[in-house]
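Below is one structure, written out as structure tokens; comments come after it.
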Amino acid sequence: MTENEEQIYITRPLLPDLDAFGEYIKDIWESKWLTNHGPKHNELEGKLKEALKVENLSLFNNGTTALLTALRALDLPGGSEVITTPFTFAATPHCISWNGQQIVFCDIEPDTMCIDADKIESLITPNTSAILGVHVYCFPCDVYKIDKIAKKHGLKVIYDAAHAFSTEIDGKGIGSFGDISMFSFHATKLYNTIEGGCLTYNDERLKARVYNLRNFGIINEDEVAEIGINGKMNEIQASVGLLNLDLFVQEQEKREVVRTKYIDEISEINGIRVPVMPKNTTNSYQYFPIVIEKDYPLTRNELYEKFKEQKILTRKYFYPACSDYEPYRKLDSSSAGNLPITNKIKEKVLCLPFYGDLAEENINKIIRILKG
Ligand SMILES: Cc1ncc(COP(=O)(O)O)c(C=O)c1O
């Protein structure tokens, strides 16, 4: 057993073999090419495009910078409204705000916990410019319905696919839906480059725009065309990415064993629901969320504390909802009347420890606690 006997973590990062990584580092040291679209960066861009089954892909130093750049690249008017979900990580609404757009929260759908496509249209105003959906825990947004709504109202569609690495819908890469999607390669994600991320998109014309925005808006030595940012992935991040590309499928297989064991045991417990992936969608295996219903003897918070006492780290992910954050709680769309499902789910959801090397005895310990 490799993990600390004392503490059971929520996840453990996927790490390449140290000697293999050393070879990459040696290469970088010899070439002295550390960042700025180096050979490893370019190799990773090509390989990830294939792995994610997308037409175009641009790497970034993290997912947040990638999402900021996506909103910029689509030229959403300043002050326009972006309809999004409050059931997500802080980065999603923060990117909208940093980019000068207004957030309009839409409630979520209880099964997938993604933005409820049936509630989007009633929130559209003449000032709406885009819909930003999040594929929460890799459960897919209703991409087909959202596409129809966007076309009808002339809106852009952006997806935060931070949780959805390698997920496919009807055999297509999840990053091929909408105008642009963002993936995060943060250390806590299934596939990581320590920090990192990418944008994927179908319109090839975005490629040059994203490239320039990612590099301060610099076009050439004599010209800076617009207000860009530094979003470049460096060669060390790219090396981890190249090596982890060979490892993530094996990690997914190991996580499938953990998931099956969890599901087999948890399905016998009254009051705990395990959200089910839609049949047309493949799992990314990043999180294992459960929903604690009323007929379970403990509340979610009590269960969380019970795990903590036993040194088992679970996460109330996403609690609080983004609509509860100080900068957003006074928005009209943060009102309780607008977000009944979000406000229910945020009190009930708990992510369990989930990674390939989670020892069987620790899975059993977690299940024993769940069974009371
Ligand atoms: C849903 C979601 N969006 C955005 C991000 C931000 O990605 P990053 O940490 O790579 O900046 C994360 C995770 O970190 C996330 O979980």
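Numbering of ligands and ligand atoms starts at 1, following listing order.
- Between R72 and E226 no salt bridge is recorded (no basic side-chain N to carboxylate O distance below 4.0 Å).
- Side-chain atoms of S129 and Q101 form no donor-acceptor pair, as typed in the model, at a separation below 3.5 Å.
- For atom 14 (O) of ligand 1, the nearest non-hydrogen atom from the set K189, Q286, H163 belongs to K189.
- Of the polar atoms of T64, at least one N or O is found under 3.5 Å from an N or O of ligand 1, judged by distance alone.
- Proximity of F318 to ligand 1 is not established, as no heavy-atom distance is less than 4.0 Å.
- Ranked by closest heavy atom to atom 3 (N) of ligand 1, the top entry among V136, T88, D160 is D160.
- At a cut-off of 3.5 Å, with distance as the only test, no side-chain donor of E45 or H37 sits close to an acceptor on the other residue.
- The shortest heavy-atom distance from C95 to ligand 1 is not under 4.0 Å.
- For A162, no nitrogen or oxygen atom sits less than 3.5 Å from a nitrogen or oxygen atom of ligand 1, counting backbone and side chain alike.
- Looking at ligand 1, you won't find any N or O of E195 less than 3.5 Å from one of its N or O atoms.
- Under 4.0 Å from ligand 1, not a single heavy atom of F183 appears.
- Within 6.0 Å of CD in E293 there are more than 12 heavy atoms belonging to other residues, nucleotides or ligands.
- Between E256 and R259, at least one side-chain nitrogen of the basic residue sits less than 4.0 Å from a carboxylate oxygen of the acidic one, meeting the salt-bridge criterion.
- A salt bridge between E235 and K40 is absent, with no side-chain N of the basic residue lying under 4.0 Å from a carboxylate O of the acidic one.
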